[in-house]
Amino acid sequence: MIKVYNTLSRQLEEFETIEPGVVRWYNCGPTVNGLMHLGHARSAVAFDIIRRYLEYRGYKVRYIMNFTDIEDRMIEVATNEKRSVLEVAEEYLRGFRRDMSALNLKEATINPRAMLHINQVIEFIQKLEKKNYAYESNGDVYFDVKKFEEYGKLSNQKLDNILQEGTEDAKNPNKRFAADFALWKKKKPGEPYWPSPWGEGRPGWHSECVLMSSLYLGEVIDIHSGGQDLIFPHHENEIAQAEALNNKPFVNYWLHNGYINIDKEKMSKSLGNFTNIIDLLKQYSADAVRIFIAQTHYRSPIDFTEDIIDQAQATANRLFEIFLLVKWFSKKEDTDSSLVEIDNEMLKTVEQSRTAFVEAMNEDFNTSNAFAVIFNLTKEANDYIRKSDEINLKVIHSIDKFFDEIRSVFGIFENIEEDDSTKTIGTLVDLLIELRQNFRSEKNWEMSDKIRDDLKKAGIVLEDTPKRILWKIEEK
RNA sequence: GCGGAGAUAGCAAAGACGUUAUGCAGUGGUCUGCAAAACCACCAACCGGAGUUCAAAUCUCCGUCUCCGCUCCA
């Protein structure tokens, strides 16, 4: 049984979907007003892993992630760069798609865009208006939070405490009450606009998320996720809109990921301390970035330092080596030997590891513990390959299968299957190893060392283990 | 002010009354012609104070500190 932490109840709950075996999931995607940064990546990777795990456990996941392509900051960017909002949106949307793919994030089932749903947003607001939850005021339309008694339940705020005077928006004279939020905004000069019953304007507080969620997944969904900073007001406002209209719970499980901090400070555009993914990937592999993110539980904050990402890269390399080694042996021809004790023990270890892995992930997706399981298994596997008298293909296939599962859940090293060039190299290296072994048996250290040194110069590292010689292509 | 999360070894990070977390680093060892790797062992920890309990990193209370949200940041 999978347990998830629900922001709404602030506790762990058993995960049960509306329709057995199917997960309806809406993830609040980015506003495309800039390049994808590490913060986006953390959220995206964290939920990507959760999604992959649910799929691993047999769920069919319908995963909707929107792109918000009309919003204040986008207008600002467009104005500054003397371009249209659409042009800005197109550029950064392409950037996001490129970076998401570089990070090996699984494609969403659908990526709806706000701008393509304006008419439905208008209809949606009209329905709220008809039910008396929204009011028009001087060309703007606001949600009347006092009408929605449960307002504040997600962020655990009392209405009295929300929006104290002082902020810009609280003073907005068009509002009846300071905490009311805009559903539709009257256009300002130079802004993009759409015609509406309330005059020309544009959508306000993410009605499109509610609308698109209902449109593509139904009125009640299993999971709605996003960064912790979206809890209030973004998701609070979504609940208000959806539940006011439909009179039933909008979302069964609210999942929120923790931030990435840089030097103990939140990474954000306003502080200017963000790292773009495209830049980070010039120095570190996508696998390292994913491991860096997965080594911390998704709800905990991560303090980003060069040291930590370096460590993640080292971990990635280490894991890759054992994964590759096992994959390499799994391609060998079966010698059909019988299982001896060390083989049976190894098989047992793999089974135990899988159980422990599932247990860890079932507990609110405890990826840290899952990694502990993986590290323990890699030790055993390393030992097995180096120390067993004969490597049994049954055992290797068992390890390889579990490693495949791990790779697919974490989305790392998925293209580990060797291409033909590696196979050719392998044949050559095996030949050289044999040659070197001859020199070694003659105690011709000069020649045997020369072969090893020359291979190293060519990027191939030999490793003499008690039972056999292993080789690998050195990471650049 | 209101609300949330947290403080665990040199660093990172799980755990939540009793039993080795784990990774990196450090120390010693096994293997080896040498090298590298791998493995084994060791090392070292629960912010401070009080309480509850046979037993407290874990529960309660009181401090101290950190981070975050509070109207368009993932």
Side-chain angles (χ1 to χ4, degrees), chain A residues 7 10 27-31 33-34 36-44 46-47 68 70-74 152 155-158 160-164 166-170 172 178-182 185 203-206 225-234 236-237 256-261 264-271 274 291-292 295-297 299-303 305 307-308 310-312 314-315 318 321-322 325 360 363 366-376 378-383 385-387 440 443 445 448-449 452-453 456 461-467 470 472:
Chain A
T7 308
R10 287 178 294 280
N27 181 47
C28 266
T31 304
N33 58 22
M36 186 182 198
H37 60 65
L38 192 52
H40 296 116
R42 205 259 161 116
S43 184
F47 292 126
T68 299
I70 174 70
E71 164 263 3
D72 284 8
R73 233 193 97 77
M74 294 201 59
S155 52
N156 199 28
Q157 305 270 332
K158 292 197 177 69
D160 307 342
N161 298 326
I162 294 173
L163 202 73
Q164 303 296 314
T167 59
E168 201 61 25
D169 212 40
N172 184 342
D180 290 350
F181 58 88
K185 287 184 164 187
W205 254 111
H206 298 293
S225 58
Q228 261 165 16
D229 48 346
L230 297 184
I231 294 172
F232 190 89
H234 189 138
E236 194 72 71
N237 290 355
H256 293 97
N257 66 276
Y259 297 101
I260 289 206
N261 297 323
K264 307 247 169 178
E265 244 185 356
K266 182 186 165 185
M267 180 179 79
S268 74
K269 286 187 185 165
S270 51
L271 290 168
F274 60 96
I291 287 169
F292 157 73
Q295 276 192 299
T296 305
H297 184 87
R299 283 191 285 113
S300 303
I302 302 180
D303 202 25
T305 62
D307 227 40
I308 296 168
D310 281 343
Q311 263 188 37
T315 302
R318 201 172 106 87
E321 275 172 28
I322 180 63
L325 204 54
E363 200 68 15
N366 194 328
T367 46
S368 310
N369 273 342
F371 268 102
V373 173
I374 295 166
F375 289 132
N376 283 330
T378 56
K379 271 189 215 170
E380 304 279 344
N382 267 319
D383 231 18
I385 286 177
R386 286 170 178 79
K387 296 204 178 138
R440 289 181 80 202
K443 295 199 195 299
W445 309 130
S448 73
D449 285 355
R452 187 172 61 193
D453 292 346
K456 189 162 178 8
V461 181
L462 294 192
E463 179 187 340
D464 298 337
T465 78
K467 303 286 184 192
L470 304 175
K472 67 181 178 196

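What you see below is based on every heavy atom in this structure, not just the backbone, and it leaves out hydrogens, waters and symmetry mates. Protein chains get the first letters and strands the later ones, always in sequence-line order, with residue 1 at the start of each.
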Take atom [atom1] in [N] and the same atom in [M], then report the distance between them in whole Å.
| N | M | atom1 | value |
| --- | --- | --- | --- |
| B:C34 | B:U20 | C1' | 35 Å |
| B:U22 | B:A36 | P | 26 Å |
| B:U52 | B:C61 | C1' | 10 Å |
| B:A13 | B:G23 | P | 16 Å |
| B:G4 | B:U60 | P | 14 Å |
| B:A55 | B:G1 | C1' | 42 Å |
| B:C47 | B:C11 | P | 13 Å |
| B:G3 | B:C62 | P | 14 Å |

Within the 4.0 Å heavy-atom criterion, would you say [X] contacts the bases, only the backbone, or no part of the nucleic acid?
| X | result |
| --- | --- |
| A:Lys185 | base |
| A:Gly39 | base |
| A:Ile231 | nothing |
| A:Leu462 | base |
| A:Asn257 | base |
| A:Ser448 | base |
| A:Asp449 | base |
| A:Tyr259 | base |
| A:Ser155 | sugar-phosphate |
| A:Gly152 | nothing |
| A:His234 | nothing |

| Under 3.5 Å side-chain donor-acceptor pair for A:Ser368 and A:His297 | no

| said: Checking A:Glu236 against A:Ser155: is there a side-chain donor and acceptor pair closer than 3.5 Å? | reply: yes

It should be established whether [X] places a side-chain nitrogen or oxygen under 4.0 Å from OP1 or OP2 of nucleotide [N].
| X | N | value |
| --- | --- | --- |
| A:Ser300 | B:A14 | yes |
| A:Asn366 | B:A14 | no |
| A:Asn172 | B:U71 | no |
| A:Arg318 | B:C24 | yes |
| A:Lys379 | B:G23 | yes |

Rounding to a whole Å, what distance do you find between [X]:[atom1] and [N]:[atom2]?
| X | N | atom1 | atom2 | answer |
| --- | --- | --- | --- | --- |
| A:Lys387 | B:C40 | NZ | P | 8 Å |
| A:Asp453 | B:C34 | CG | P | 16 Å |
| A:Asn156 | B:C70 | CG | P | 16 Å |

Say whether, by atom type as modelled, one donor and one acceptor occur between the side chain of [X] and the main chain of [Y] under 3.5 angstrom.
| X | Y | value |
| --- | --- | --- |
| A:Asp383 | A:Lys379 | no |
| A:Ser300 | A:Thr296 | no |
| A:Tyr259 | A:Gly227 | no |
| A:Arg42 | A:Leu38 | no |

I want to check something: taking the side chain as every heavy atom from C-beta on, are [X] and [Y] in contact at a cut-off of under 4.5 Å?
| X | Y | result |
| --- | --- | --- |
| A:His206 | A:Asn237 | no |
| A:Phe371 | A:Asn376 | no |
| A:Ile385 | A:Leu470 | yes |
| A:Gln228 | A:Asn257 | no |

Of all the choices, [options], which nucleotide is nearest to the side chain of [X] once you look at every atom?
| X | options | answer |
| --- | --- | --- |
| A:Asn376 | B:U22, B:A38, B:G4 | B:U22 |
| A:His206 | B:C31, B:C39, B:C72 | B:C72 |
| A:Ile308 | B:C67, B:C70, B:A12 | B:A12 |
| A:Gln311 | B:C24, B:A14, B:A74 | B:C24 |
| A:Ala372 | B:U22, B:C39, B:C70 | B:U22 |
| A:Arg452 | B:C34, B:C39, B:U22 | B:C34 |
| A:Arg440 | B:G33, B:C70, B:A74 | B:G33 |
| A:Trp205 | B:C2, B:A14, B:C72 | B:C72 |

| task | Output yes if the stacking criterion (under 5.5 Å between centres, under 30° between planes) is met for A:Trp445 over the base of B:G33, else no. | result | yes

| remark: Ranking A:Lys158 and A:Glu463 by the position along RNA chain B of their nearest nucleotide, the one closer to 5' is A:Lys158

| query | Which sits closer to the 5' end of RNA chain B, A:Phe375 or A:Asn382, going by the nucleotide each is nearest to? | reply | A:Phe375

| Can you give the dot-bracket line for RNA chain B, where a pair is Watson-Crick or G-U wobble with both atom distances under 3.5 Å, crossing pairs use [ ], and | marks a partner on another strand? | (((((((..(((.....[...))).(((((.......)))))....(((((..]....))))))))))))....

| Salt bridge present between A:Asp453 and A:Lys456 (N-O < 4.0 angstrom) | no

| task | Could you tell me whether the side chain of A:Asn369 has a donor or acceptor atom within less than 3.5 Å of a complementary atom in the base of B:G15? | result | no

| request: Would you kindly check whether a donor in the side chain of A:Asp464 faces an acceptor in the base of B:A35, or vice versa, at under 3.5 angstrom? | output: yes

| Syn or anti for B:A5 (syn when the glycosidic angle lies within 90° of 0) | anti

